[in-house]
*Asks:* 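Following this message is one structure expressed as C-alpha coordinates.
In what follows, chains are A, B, ... by sequence order, proteins preceding strands, each numbered from 1.
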2 protein chains.
Amino acid sequence: MPSKPLPPITMDAVYAAPGYLFRRMQQIAVSIFMEECKAFDLTPVQYAALIAIHTHPGIDATRLSAVVAFDRSTLGSVIERLQAKDYIERKPAPEDKRIKLLHLTRSGAAILREIIPAVERAQARMLEPLKPADRKVLMDLLGQLVDLNNEASRVPLRAEDALEHLGKAG
Amino acid sequence: MPSKPLPPITMDAVYAAPGYLFRRMQQIAVSIFMEECKAFDLTPVQYAALIAIHTHPGIDATRLSAVVAFDRSTLGSVIERLQAKDYIERKPAPEDKRIKLLHLTRSGAAILREIIPAVERAQARMLEPLKPADRKVLMDLLGQLVDLNNEASRVPLRAEDALEHLGKAG
DNA sequence: TGTTGATTGACAGTATACTGACGATCTAGG
DNA sequence: CCTAGATCGTCAGTATACTGTCAATCAACA
(Lines give C-alpha, C1' and ligand atoms only; values in the text may rest on other atoms or scores of the structure.)
Protein backbone atom coordinates (compact mmCIF):
# COMPACT_ATOMS: atom_id res chain seq x y z
CA MET A 1 0.00 0.00 0.00
CA PRO A 2 1.55 3.27 -1.11
CA SER A 3 2.04 5.88 1.61
CA LYS A 4 -0.69 8.50 1.68
CA PRO A 5 0.52 11.65 -0.10
CA LEU A 6 0.80 14.86 1.86
CA PRO A 7 -2.11 17.25 1.50
CA PRO A 8 -1.35 19.98 -1.00
CA ILE A 9 1.01 22.38 0.74
CA THR A 10 2.27 25.56 -0.77
CA MET A 11 4.75 28.06 0.58
CA ASP A 12 2.06 30.66 0.04
CA ALA A 13 0.09 29.04 2.85
CA VAL A 14 3.15 29.34 5.08
CA TYR A 15 3.72 32.95 4.07
CA ALA A 16 0.15 33.81 5.06
CA ALA A 17 0.22 31.93 8.39
CA PRO A 18 0.02 34.16 11.47
CA GLY A 19 3.05 32.55 13.11
CA TYR A 20 5.18 33.09 10.05
CA LEU A 21 4.17 36.73 9.71
CA PHE A 22 4.84 37.39 13.39
CA ARG A 23 8.31 35.88 13.20
CA ARG A 24 9.11 37.72 9.99
CA MET A 25 7.88 41.05 11.33
CA GLN A 26 9.97 40.58 14.47
CA GLN A 27 13.06 39.94 12.33
CA ILE A 28 12.38 43.10 10.35
CA ALA A 29 11.71 45.17 13.47
CA VAL A 30 14.98 44.12 15.10
CA SER A 31 16.84 44.81 11.89
CA ILE A 32 15.42 48.33 11.63
CA PHE A 33 16.10 49.00 15.31
CA MET A 34 19.72 47.92 15.03
CA GLU A 35 20.20 50.00 11.92
CA GLU A 36 18.82 53.19 13.43
CA CYS A 37 20.69 52.62 16.69
CA LYS A 38 23.96 51.31 15.35
CA ALA A 39 25.83 54.23 16.91
CA PHE A 40 24.82 53.08 20.39
CA ASP A 41 25.67 49.42 20.93
CA LEU A 42 22.28 48.69 22.51
CA THR A 43 19.91 45.92 21.47
CA PRO A 44 16.11 46.26 21.59
CA VAL A 45 16.01 44.01 24.62
CA GLN A 46 18.73 45.94 26.42
CA TYR A 47 16.93 49.18 25.60
CA ALA A 48 13.65 47.92 27.07
CA ALA A 49 15.41 46.72 30.20
CA LEU A 50 17.11 50.07 30.60
CA ILE A 51 13.81 51.93 30.28
CA ALA A 52 12.19 49.66 32.82
CA ILE A 53 15.03 50.15 35.31
CA HIS A 54 14.79 53.89 34.76
CA THR A 55 11.04 53.75 35.39
CA HIS A 56 11.39 51.49 38.42
CA PRO A 57 14.67 52.32 40.18
CA GLY A 58 15.71 49.69 42.68
CA ILE A 59 13.74 46.90 41.01
CA ASP A 60 15.10 43.36 41.27
CA ALA A 61 15.71 40.99 38.38
CA THR A 62 12.66 38.80 38.91
CA ARG A 63 10.26 41.72 38.98
CA LEU A 64 12.03 43.30 36.04
CA SER A 65 11.44 40.14 34.03
CA ALA A 66 7.72 40.43 34.73
CA VAL A 67 7.65 44.11 33.80
CA VAL A 68 9.29 43.63 30.41
CA ALA A 69 8.04 40.06 29.87
CA PHE A 70 11.50 38.57 29.43
CA ASP A 71 12.37 35.12 30.57
CA ARG A 72 14.22 35.34 33.88
CA SER A 73 17.14 33.25 32.69
CA THR A 74 17.52 35.42 29.61
CA LEU A 75 17.35 38.54 31.70
CA GLY A 76 20.31 37.40 33.75
CA SER A 77 22.67 37.68 30.82
CA VAL A 78 21.05 40.91 29.63
CA ILE A 79 21.73 42.45 33.03
CA GLU A 80 25.29 41.19 32.97
CA ARG A 81 25.92 42.88 29.65
CA LEU A 82 24.33 46.15 30.74
CA GLN A 83 26.48 46.05 33.85
CA ALA A 84 29.61 45.29 31.82
CA LYS A 85 28.87 48.40 29.73
CA ASP A 86 28.49 50.37 32.96
CA TYR A 87 24.89 51.36 32.20
CA ILE A 88 23.46 49.84 35.37
CA GLU A 89 24.66 48.79 38.80
CA ARG A 90 23.48 46.06 41.14
CA LYS A 91 23.42 46.56 44.85
CA PRO A 92 22.52 43.85 47.37
CA ALA A 93 19.30 44.59 49.23
CA PRO A 94 19.93 45.06 52.93
CA GLU A 95 16.69 43.41 54.01
CA ASP A 96 16.86 40.39 51.71
CA LYS A 97 20.19 38.79 50.91
CA ARG A 98 18.80 36.96 47.87
CA ILE A 99 17.91 40.15 46.03
CA LYS A 100 20.08 42.53 44.06
CA LEU A 101 18.61 45.94 43.32
CA LEU A 102 19.08 47.53 39.91
CA HIS A 103 19.78 51.19 39.23
CA LEU A 104 20.84 53.19 36.20
CA THR A 105 24.33 54.64 36.32
CA ARG A 106 25.00 58.17 35.15
CA SER A 107 26.26 56.55 31.95
CA GLY A 108 23.06 54.59 31.58
CA ALA A 109 20.89 57.66 31.97
CA ALA A 110 23.04 59.45 29.40
CA ILE A 111 22.83 56.72 26.77
CA LEU A 112 19.08 56.52 27.27
CA ARG A 113 18.72 60.25 26.71
CA GLU A 114 20.78 60.04 23.54
CA ILE A 115 19.27 56.94 22.02
CA ILE A 116 15.60 57.82 22.38
CA PRO A 117 15.34 59.83 19.14
CA ALA A 118 16.92 56.96 17.21
CA VAL A 119 14.53 54.48 18.78
CA GLU A 120 11.59 56.64 17.84
CA ARG A 121 12.84 56.85 14.27
CA ALA A 122 13.10 53.07 14.23
CA GLN A 123 9.58 52.59 15.58
CA ALA A 124 8.23 54.98 12.96
CA ARG A 125 10.12 53.26 10.16
CA MET A 126 8.63 49.88 11.00
CA LEU A 127 5.14 51.15 10.21
CA GLU A 128 6.07 53.68 7.56
CA PRO A 129 5.01 51.59 4.53
CA LEU A 130 1.40 51.62 5.72
CA LYS A 131 -1.06 54.45 5.41
CA PRO A 132 -1.42 56.35 8.70
CA ALA A 133 -4.94 55.07 9.27
CA ASP A 134 -3.82 51.50 8.70
CA ARG A 135 -0.92 51.91 11.13
CA LYS A 136 -3.38 52.82 13.82
CA VAL A 137 -5.66 49.89 13.04
CA LEU A 138 -2.75 47.44 13.01
CA MET A 139 -1.30 48.66 16.30
CA ASP A 140 -4.71 48.68 17.89
CA LEU A 141 -5.52 45.10 16.87
CA LEU A 142 -2.05 43.84 17.70
CA GLY A 143 -2.20 45.51 21.10
CA GLN A 144 -5.51 43.81 21.79
CA LEU A 145 -4.22 40.45 20.63
CA VAL A 146 -1.06 40.60 22.71
CA ASP A 147 -3.08 41.59 25.72
CA LEU A 148 -5.71 38.91 25.27
CA ASN A 149 -3.03 36.28 24.66
CA ASN A 150 -0.91 37.39 27.59
CA GLU A 151 -1.37 34.23 29.59
CA ALA A 152 -0.58 32.05 26.60
CA SER A 153 3.09 32.97 26.79
CA ARG A 154 5.41 31.34 29.20
CA VAL A 155 6.40 34.70 30.67
CA PRO A 156 3.21 36.76 30.94
CA LEU A 157 3.56 40.47 31.27
CA ARG A 158 2.82 41.53 34.83
CA ALA A 159 3.52 45.21 34.49
CA GLU A 160 2.86 47.30 37.55
CA ASP A 161 1.15 44.64 39.64
CA ALA A 162 4.48 42.86 39.77
CA LEU A 163 5.77 45.75 41.81
CA GLU A 164 3.03 45.79 44.42
CA HIS A 165 5.12 44.00 46.99
CA LEU A 166 8.23 46.08 46.43
CA GLY A 167 9.38 47.69 49.63
CA LYS A 168 6.55 46.17 51.61
CA ALA A 169 8.74 43.52 53.14
CA GLY A 170 7.54 44.24 56.64
CA MET B 1 25.25 72.48 35.41
CA PRO B 2 22.94 69.67 36.43
CA SER B 3 22.48 66.89 33.92
CA LYS B 4 19.39 67.30 31.82
CA PRO B 5 16.63 65.00 33.09
CA LEU B 6 15.32 62.28 30.83
CA PRO B 7 12.13 63.09 28.97
CA PRO B 8 9.11 61.56 30.68
CA ILE B 9 9.21 57.84 29.86
CA THR B 10 6.54 55.40 30.86
CA MET B 11 6.41 51.69 30.37
CA ASP B 12 3.06 52.27 28.71
CA ALA B 13 4.90 53.95 25.85
CA VAL B 14 7.09 50.86 25.55
CA TYR B 15 4.10 48.51 25.67
CA ALA B 16 2.49 50.40 22.79
CA ALA B 17 5.63 50.57 20.64
CA PRO B 18 5.47 48.54 17.43
CA GLY B 19 8.77 46.80 18.08
CA TYR B 20 7.68 45.72 21.53
CA LEU B 21 4.35 44.36 20.29
CA PHE B 22 6.03 42.47 17.46
CA ARG B 23 8.51 40.84 19.83
CA ARG B 24 5.81 39.99 22.34
CA MET B 25 3.50 38.53 19.71
CA GLN B 26 6.34 36.40 18.37
CA GLN B 27 7.00 35.05 21.87
CA ILE B 28 3.33 34.20 22.27
CA ALA B 29 3.12 32.59 18.83
CA VAL B 30 6.11 30.34 19.48
CA SER B 31 4.72 29.40 22.85
CA ILE B 32 1.35 28.40 21.37
CA PHE B 33 3.02 26.49 18.54
CA MET B 34 5.20 24.51 20.94
CA GLU B 35 2.24 23.74 23.13
CA GLU B 36 0.06 22.42 20.31
CA CYS B 37 2.94 20.49 18.78
CA LYS B 38 4.61 19.20 21.92
CA ALA B 39 4.00 15.62 20.80
CA PHE B 40 6.23 16.12 17.76
CA ASP B 41 9.59 17.56 18.79
CA LEU B 42 9.55 20.09 15.96
CA THR B 43 10.10 23.84 16.35
CA PRO B 44 8.32 26.44 14.19
CA VAL B 45 11.52 27.04 12.29
CA GLN B 46 12.14 23.37 11.71
CA TYR B 47 8.54 22.98 10.56
CA ALA B 48 8.86 25.79 8.02
CA ALA B 49 12.11 24.36 6.70
CA LEU B 50 10.53 20.94 6.34
CA ILE B 51 7.59 22.38 4.41
CA ALA B 52 9.92 24.28 2.11
CA ILE B 53 12.01 21.19 1.41
CA HIS B 54 8.83 19.26 0.70
CA THR B 55 7.69 21.98 -1.68
CA HIS B 56 11.09 22.26 -3.36
CA PRO B 57 12.73 18.83 -3.32
CA GLY B 58 16.44 18.96 -4.10
CA ILE B 59 16.85 22.55 -2.99
CA ASP B 60 20.21 23.59 -1.53
CA ALA B 61 20.74 25.37 1.79
CA THR B 62 21.41 28.81 0.37
CA ARG B 63 18.25 28.85 -1.72
CA LEU B 64 16.29 27.36 1.16
CA SER B 65 17.38 30.25 3.35
CA ALA B 66 15.96 32.67 0.78
CA VAL B 67 12.70 30.76 0.48
CA VAL B 68 11.98 30.74 4.22
CA ALA B 69 13.87 33.99 5.00
CA PHE B 70 16.19 32.41 7.55
CA ASP B 71 19.72 33.51 8.00
CA ARG B 72 22.04 31.10 6.22
CA SER B 73 24.19 30.52 9.27
CA THR B 74 21.15 29.75 11.37
CA LEU B 75 19.80 27.44 8.72
CA GLY B 76 22.97 25.36 8.88
CA SER B 77 22.23 24.21 12.41
CA VAL B 78 18.53 23.80 11.67
CA ILE B 79 19.42 21.43 8.83
CA GLU B 80 21.81 19.56 11.06
CA ARG B 81 19.09 18.94 13.62
CA LEU B 82 16.55 17.87 11.01
CA GLN B 83 19.13 15.49 9.61
CA ALA B 84 19.94 14.14 13.08
CA LYS B 85 16.24 13.39 13.54
CA ASP B 86 16.26 11.60 10.18
CA TYR B 87 13.63 13.90 8.67
CA ILE B 88 15.80 15.04 5.77
CA GLU B 89 18.86 13.85 3.90
CA ARG B 90 21.62 15.73 2.13
CA LYS B 91 23.14 14.45 -1.06
CA PRO B 92 26.08 16.06 -2.83
CA ALA B 93 25.14 17.54 -6.18
CA PRO B 94 26.95 15.78 -9.03
CA GLU B 95 27.37 18.92 -11.13
CA ASP B 96 28.52 21.24 -8.34
CA LYS B 97 30.72 19.93 -5.58
CA ARG B 98 29.93 22.87 -3.30
CA ILE B 99 26.23 22.12 -3.12
CA LYS B 100 24.35 19.58 -1.04
CA LEU B 101 20.79 18.84 -2.12
CA LEU B 102 18.04 18.48 0.47
CA HIS B 103 15.23 15.92 0.38
CA LEU B 104 12.62 14.75 2.86
CA THR B 105 13.05 11.22 4.13
CA ARG B 106 10.08 8.90 4.48
CA SER B 107 10.17 9.81 8.17
CA GLY B 108 10.11 13.50 7.36
CA ALA B 109 7.11 13.16 5.09
CA ALA B 110 5.34 11.17 7.80
CA ILE B 111 5.95 13.68 10.57
CA LEU B 112 4.80 16.46 8.29
CA ARG B 113 1.57 14.66 7.54
CA GLU B 114 0.95 14.09 11.23
CA ILE B 115 1.87 17.51 12.54
CA ILE B 116 -0.14 19.63 10.12
CA PRO B 117 -3.43 19.48 12.07
CA ALA B 118 -1.62 20.55 15.24
CA VAL B 119 0.05 23.43 13.41
CA GLU B 120 -3.28 24.58 12.08
CA ARG B 121 -4.76 24.47 15.56
CA ALA B 122 -1.83 26.58 16.77
CA GLN B 123 -2.25 29.14 13.99
CA ALA B 124 -5.95 29.41 14.76
CA ARG B 125 -5.32 29.79 18.49
CA MET B 126 -2.98 32.73 17.95
CA LEU B 127 -5.79 34.80 16.46
CA GLU B 128 -8.66 33.29 18.39
CA PRO B 129 -9.10 36.16 20.90
CA LEU B 130 -10.00 38.52 18.06
CA LYS B 131 -13.31 38.74 16.27
CA PRO B 132 -13.19 36.98 12.89
CA ALA B 133 -13.42 40.23 10.96
CA ASP B 134 -10.56 41.69 12.99
CA ARG B 135 -8.42 38.61 12.39
CA LYS B 136 -8.73 39.18 8.69
CA VAL B 137 -7.89 42.87 8.94
CA LEU B 138 -4.86 42.17 11.12
CA MET B 139 -3.47 39.46 8.87
CA ASP B 140 -4.07 41.57 5.82
CA LEU B 141 -2.27 44.61 7.20
CA LEU B 142 0.56 42.54 8.65
CA GLY B 143 0.98 40.73 5.36
CA GLN B 144 1.24 44.04 3.57
CA LEU B 145 3.70 45.42 6.10
CA VAL B 146 5.98 42.39 5.99
CA ASP B 147 5.93 42.48 2.22
CA LEU B 148 6.62 46.20 1.97
CA ASN B 149 9.38 45.95 4.56
CA ASN B 150 10.94 42.89 2.98
CA GLU B 151 14.15 44.61 1.94
CA ALA B 152 14.58 46.14 5.40
CA SER B 153 15.52 42.79 6.89
CA ARG B 154 18.96 41.37 6.57
CA VAL B 155 17.60 38.21 4.95
CA PRO B 156 14.87 39.29 2.54
CA LEU B 157 12.40 36.68 1.43
CA ARG B 158 13.14 35.64 -2.12
CA ALA B 159 10.52 32.96 -2.49
CA GLU B 160 10.25 31.40 -5.89
CA ASP B 161 12.62 33.70 -7.73
CA ALA B 162 15.39 32.24 -5.67
CA LEU B 163 14.80 28.98 -7.42
CA GLU B 164 14.95 30.27 -10.95
CA HIS B 165 18.48 29.07 -11.49
CA LEU B 166 17.95 25.65 -9.97
CA GLY B 167 18.88 22.92 -12.39
CA LYS B 168 19.82 25.40 -15.07
CA ALA B 169 23.53 24.99 -14.49
CA GLY B 170 24.22 24.57 -18.20
C1' DT C 1 44.03 28.80 -20.43
C1' DG C 2 44.71 31.07 -16.29
C1' DT C 3 43.29 34.11 -13.02
C1' DT C 4 39.72 37.00 -10.86
C1' DG C 5 35.50 37.27 -8.65
C1' DA C 6 31.36 35.12 -6.95
C1' DT C 7 29.12 31.34 -4.56
C1' DT C 8 28.64 27.48 -1.15
C1' DG C 9 28.84 25.43 3.16
C1' DA C 10 31.13 25.72 7.46
C1' DC C 11 32.76 27.99 11.56
C1' DA C 12 33.52 31.34 15.54
C1' DG C 13 31.48 34.78 18.22
C1' DT C 14 27.57 37.33 20.25
C1' DA C 15 22.68 37.87 21.80
C1' DT C 16 18.07 36.56 22.71
C1' DA C 17 14.67 32.86 24.42
C1' DC C 18 13.20 28.94 27.03
C1' DT C 19 13.52 24.50 30.19
C1' DG C 20 14.93 22.51 34.16
C1' DA C 21 17.68 22.28 38.15
C1' DC C 22 20.36 24.05 42.10
C1' DG C 23 21.90 26.31 46.54
C1' DA C 24 21.05 30.28 49.36
C1' DT C 25 17.65 32.59 51.61
C1' DC C 26 13.29 34.03 53.38
C1' DT C 27 8.42 33.18 55.21
C1' DA C 28 4.81 30.67 57.49
C1' DG C 29 3.07 27.21 60.30
C1' DG C 30 3.41 24.48 64.11
C1' DC D 1 12.40 28.10 67.54
C1' DC D 2 12.50 25.22 63.61
C1' DT D 3 11.24 23.07 59.71
C1' DA D 4 8.38 22.99 54.99
C1' DG D 5 7.60 25.46 51.18
C1' DA D 6 8.29 29.48 48.34
C1' DT D 7 11.43 32.79 46.18
C1' DC D 8 15.90 34.67 44.30
C1' DG D 9 19.74 34.49 41.38
C1' DT D 10 22.44 31.35 38.77
C1' DC D 11 23.79 27.75 35.75
C1' DA D 12 23.70 24.05 32.11
C1' DG D 13 21.60 22.76 27.98
C1' DT D 14 19.09 23.58 23.62
C1' DA D 15 17.44 26.49 19.70
C1' DT D 16 16.96 30.50 16.96
C1' DA D 17 19.20 34.82 14.84
C1' DC D 18 22.85 37.57 13.03
C1' DT D 19 27.95 39.19 11.78
C1' DG D 20 32.00 38.15 9.87
C1' DT D 21 35.37 34.98 8.03
C1' DC D 22 37.29 31.03 5.59
C1' DA D 23 38.52 27.26 2.19
C1' DA D 24 36.74 24.87 -1.61
C1' DT D 25 34.70 25.34 -5.76
C1' DC D 26 32.73 27.31 -9.81
C1' DA D 27 31.95 30.80 -13.58
C1' DA D 28 33.44 34.30 -16.56
C1' DC D 29 36.53 36.97 -18.73
C1' DA D 30 40.98 38.36 -20.65
Side-chain angles (χ1 to χ4, degrees), chain A residues 19 23-24 26-31 33-35 38 41-49 59-66 68-85 90 92-102 153-156 162 165-166 168-170, chain B residues 19 23-24 26-31 33-35 38 41-49 59-66 68-85 90 92-102 153-156 162 165-166 168-170:
Chain A
R23 183 182 66 77
R24 191 86 186 90
Q26 155 73 359
Q27 276 182 332
I28 291 167
V30 171
S31 179
F33 183 103
M34 293 307 282
E35 200 176 309
K38 60 174 177 287
D41 188 30
L42 261 197
T43 67
V45 163
Q46 290 168 14
Y47 169 77
I59 196 174
D60 62 285
T62 295
R63 257 157 278 269
L64 181 59
S65 86
V68 290
F70 295 166
D71 181 82
R72 214 167 44 180
S73 299
T74 303
L75 191 59
S77 54
V78 174
I79 286 175
E80 249 176 39
R81 280 183 282 274
L82 286 174
Q83 195 173 14
K85 292 176 190 173
R90 315 179 74 176
E95 77 281 2
D96 189 337
K97 287 178 198 161
R98 295 170 303 178
I99 293 180
K100 297 178 185 173
L101 306 178
L102 302 171
S153 75
R154 160 90 172 167
V155 187
H165 309 294
L166 257 189
K168 292 213 244 166
Chain B
R23 183 182 65 78
R24 191 87 187 89
Q26 155 72 359
Q27 276 183 331
I28 291 167
V30 171
S31 177
F33 183 103
M34 294 307 282
E35 200 176 311
K38 60 173 175 289
D41 188 32
L42 261 196
T43 67
V45 163
Q46 290 167 12
Y47 169 77
I59 197 173
D60 63 285
T62 295
R63 255 156 281 268
L64 180 60
S65 85
V68 290
F70 296 166
D71 182 82
R72 213 166 45 179
S73 299
T74 302
L75 190 60
S77 54
V78 174
I79 287 175
E80 250 176 38
R81 282 183 282 272
L82 286 175
Q83 195 173 14
K85 292 176 189 175
R90 316 179 73 175
E95 76 282 2
D96 189 337
K97 289 177 197 161
R98 294 169 304 177
I99 293 180
K100 297 177 184 174
L101 307 178
L102 302 171
S153 74
R154 161 90 172 163
V155 187
H165 310 294
L166 257 190
K168 293 213 243 164

*Asks:* Does Arg81(A) reach the side chain of Ser77(A), with side-chain heavy atoms less than 4.5 Å apart?
*Replies:*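 Heavy-atom side-chain distance check passes, below 4.5 Å.
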*Asks:* Is there side-chain contact between Asp60(B) and Leu102(B), with at least one heavy-atom pair below 4.5 Å?
*Replies:* no
*Asks:* Which whole-number value in Å describes the distance from Leu82(B) CG to dT14(D) C1'?
*Replies:* 14 Å
*Asks:* Let me know the distance between CZ of Arg24(A) and P of dA17(D), rounded to the nearest Å.
*Replies:*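 In whole Å, dA17(D) P and Arg24(A) CZ are 11 Å from each other.
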*Asks:* Taking the side chain as everything from C-beta on, heavy atoms only, tell me whether Arg23(B) gets closer than 4.5 Å to Val45(A).
*Replies:* yes
*Asks:* Which whole-number value in Å describes the distance from Glu80(A) CD to dG9(D) P?
*Replies:*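 It is 13 Å, rounded to the nearest whole Å.
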*Asks:* Which letter, B, S or -, goes with each nucleotide of nucleotides 4-10 of chain C from 5' to 3', with contact meaning a protein heavy atom under 4.0 Å?
*Replies:* ---BBBS
*Asks:* Taking OP1 and OP2 of dA17(C), is either one under 4.0 Å from a side-chain nitrogen or oxygen of Gln26(A)?
*Replies:* yes
*Asks:* Distance only, no hydrogens: is a donor on one side chain within 3.5 Å (strictly under) of an acceptor on the other, for Ser153(B) and Arg24(A)?
*Replies:*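 Indeed, the side chains of Ser153(B) and Arg24(A) share at least one donor-acceptor pair under 3.5 Å.
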*Asks:* Please report, rounded to the nearest Å, how far the C1' atom of dG13(C) is from the CZ atom of Arg81(A).
*Replies:* 12 Å
*Asks:* For the backbone of Asp41(A) and the side chain of Lys85(A), can you confirm whether one donor and one acceptor N or O come within less than 3.5 Å of each other?
*Replies:* yes
*Asks:* Given atom CZ of Phe33(B) and atom P of dC18(C), what is their separation to the nearest angstrom?
*Replies:*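 Nearest whole value for this atom pair: 15 Å.
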*Asks:* Quick check on DNA chain C: between Ser77(A) and Asp71(A), whose nearest nucleotide comes earlier from the 5' end?
*Replies:* Ser77(A)
*Asks:* Looking across every strand, which nucleic acid part, if any, lies under 4.0 Å from Val78(B) by heavy atom: base, sugar-phosphate, or nothing?
*Replies:* sugar-phosphate
*Asks:* Within this structure, what is the CD-to-P distance between Gln46(B) and dA17(D), rounded to whole angstrom?
*Replies:* 11 Å
*Asks:* Quick one: which of dA17(C), dA15(C), dT16(D) gets closest to the side chain of Thr74(A)?
*Replies:* dA17(C)
*Asks:* Any side-chain N or O of Gln27(B) less than 4.0 Å from the OP1 or OP2 oxygen of dT16(D)?
*Replies:* no
*Asks:* Measure CG/Leu102(A) against C1'/dC8(D) and give the value in whole Å, please.
*Replies:* 12 Å
*Asks:* Does a side-chain N or O of Thr43(A) approach OP1 or OP2 of dT16(C) to a distance below 4.0 Å, or not?
*Replies:* yes
*Asks:* Between Asp41(A) (CG) and dA15(C) (P), how many Å, whole number?
*Replies:*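 Spelled out: CG on Asp41(A) to P on dA15(C) is 8 Å.
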*Asks:* Do you know the tightest heavy-atom contact between Val68(B) and Ala48(B)?
*Replies:*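 Shortest heavy-atom contact: CG1-O, 3.9 Å.
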*Asks:* Compare every heavy atom of Phe70(A) with every heavy atom of Leu75(A), then report the nearest pair and how far apart it is.
*Replies:*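 Closest approach of Leu75(A) to Phe70(A): CD1-CD1, 3.7 Å.
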